[in-house]
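Worksheet for the structure shown next.
Only heavy atoms go into these numbers, but all of them, side chains included; no hydrogens, no water, no symmetry mates.
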Amino acid sequence: MPMENMTSPQCFLHTIPIDIWEDIFTDHLGVDDLRNFSSMCRKAYELAHHVKMSRKKTPLGTFRHVGQVSADSMHFVACAWPFVPFSCKLPYGRLPVSPVTLKNLVGLHFSRSVQQPAASADPMNDICTCISAQNIETIRIVANKIEDTGVRTLSKALNGNTSLKQLDLSSCGISTDGARALADVLQRNHTLALLNLSNNSMSATGIAVLADALGINKGLIWLNLDGAEVEDVGIYRLTVAMRKNSTLQNLSLEDCYIDYNGGFAVANAVTGNVSLKTLNLNNNAVQDAGATAFGAALSQNSVLEALHLAFNEIQGTGGMALLEGLTRNKSLTLLDLAGNAIGAGAAAVLGDVLQHNTTVKTICLGFNNIGDEGATAIASALERNTTLKNLCLMSNHITDTAACPLADVLLRNCTLVYLRLADNKIGIKGAMAFAAALKLNATLQELHLQDNHIPDLGTHAFADIPSHNGTLRILNLIGNDVSEATVIAFAKERQEGKNTRLDVRYSSAAGVPR
């Protein structure tokens with residue numbers, strides 16, 4: 001699916017690990033908190049940092065346990081979270097193609113939320129019997145504690161198998177022995193294309209064994225090792241495999257305790273790799289040294305399309321070096337640097353790069369303290385850039401000083417589709433500028449201004465947008481002042497204007513300011 005056609009409600013899962021989100025929704029946030037976007041973001045960031053520092057291990061979570069949170073609140077959160085939709089990356093913790101049920105004789109799907117189709121004293125043997133008897137293409141045994149014993153049984157059934165394409169064993173309690181069994185499968189099986197081992201208990205030794213097999217394997221294109229404790233030995237063997245392997249296209253190492261030495265090693269491996277298109281290193285600690293190495297790698301690599309380095313303790317020096325690498329890069333389309341501290345200086349470097357770069361389509365700089373200076377530099381670059389479609393600048397202390405230039409750019413830029421400025425300090429001047437620009441802009445589809453400082457007079461300026469703009473699909477004003485009169489004006493314009501599909505979001509269904 002093209003990036004510009006992706007929608008945003010599900011994309012907030014991609015920056016904070018899903019198991020942390022389960023903790024947030026079930027234990028830390030009530031309904032009142034969910035209606036305060038700034039509080040939600042702050043608590044999410046603090047909790048993510050706490051989990052990372054404490055090396056907490058939790059199984060892959062879902063949202064089925066959030067009984068105390070209303071459907072409206074969940075919808076609010078999904079719609080409000082402004083991280084950009086990343087089409088190049090696959091949903092971490094899940095296979096990209098949903099398997100069908102056993103009834104269709106194509107896939108097996110067992111999870112703790114789904115009853116297994118037949119009771120048995122040894123369900124793993126039942127699964128293996130199905131694998132031997134049918135041309136099974138997809139197996140998902142998610143959050144079932146089959147552990148190493150079950151994996152060894154499964155691995156024996158897969159020896160000689162030529163039909164299986166997707167195997168999801170996330171949160172199954174797999175450790176080193178299970179990793180060895182799977183490594184044996186990878187050495188012999190060249191049909192398996194997607195392997196998800198996220199949120200298990202694999203040590204560096206287990207990762208090293210898998211990496212050695214990966215160096216031999218010629219079929220795997222997608223590998224998820226999120227949450228593994230790779231350590232130095234695991235990283236070293238993975239980077240050796242990356243130099244040998246010419247088929248792997250997507251590698252996820254989120255929350256794997258990778259420090260700047262590991263980041264440096266991975267970056268060096270990327271330099272000579274000829275197949276990897278998506279690399280996820282979110283929630284690690286590559287810091288400035290690792291980011292600088294990635295800048296050098298990007299200047300030489302011509303294959304990588306998506307790089308995720310969110311929440312990696314990268315500051316100004318590393319940010320500038322990384323972004324300077326885009327000057328010579330001709331392949332990267334997505335860069336995620338959310339949750340770092342690159343500052344205005346690095347944002348200014350990005351502004352220079354965007355004036356000449358013709359490949360980057362999505363950039364996320366949320367939570368980076370770029371301020372008005374950095375945002376203004378990016379706005380200036382968008383005057384000339386004709387490629388960037390998704391830009392996230394949420395929570396960056398942006399005021400009307402930079403909001404006005406960003407709005408003014410919309411009068412001339414015909415490429416930008418998604419603009420996310422949530423949780424900043426934009427007031428009435430910025431709101432008026434955006435309202436005026438939207439009456440003439442014909443390309444922007446989503447504008448997220450939630451949790452700024454816009455008074456009712458500023459939000460009311462958007463009321464006649466449906467009569468002038470037929471392109472905008474989402475206008476998010478949650479957390480700003482919206483009076484009942486403004487709500488009525490929005491409703492009337494949507495009924496009578498040319499843009500009846502515009503989704504205007506505000507804090508209260510009754511239109512009463514919070």
I454 and side chain to side chain contact (heavy atoms under 4.5 Å, CB included): which single residue from D481, I428, L449 fits? L449
Do the side-chain N and O atoms of N199 and S170 include a donor-acceptor pair separated by under 3.5 angstrom? no
About how many Å separate OG of S395 and CG of N424, when rounded to the nearest 0.5 Å? 6.5 Å
Salt-bridged, D503 to R505, with N to O below 4.0 Å? yes
Side chain to side chain contact (heavy atoms under 4.5 Å, CB included) between H356 and N385, worked out: CA-CA 7 Å; H356 308 286; N385 183 278; over 6 Å; no
Could you note down all residue pairs passing side-chain hydrogen bond (donor to acceptor under 3.5 Å, both in side chains) where residues 405-416 supplies at least one of them, sequence neighbours left out? E383-R412, D408-R412
Note, L298 side chain near L322 side chain (heavy atom, < 4.5 Å): yes
Tell me, yes or no, whether the heavy-atom count around E373 atom CD, taken from other residues, nucleotides or ligands under 6.0 Å, exceeds 12. no
Exceeds 12 heavy-atom contacts within 6.0 angstrom, atom CZ of F264: no
Salt-bridge contact K439-D464 (side-chain N to carboxylate O under 4.0 Å): yes
Count the heavy atoms of every other residue, nucleotide or ligand shown that sit under 6.0 Å from NZ of K492, and state whether that count exceeds 12. no
Determine, for R140 against D168, whether the closest basic-nitrogen to carboxylate-oxygen distance falls under 4.0 angstrom. yes
Rounded to the nearest 0.5 Å, the OG1 atom of T443 sits from the CG atom of L472 at a distance of 10.0 Å
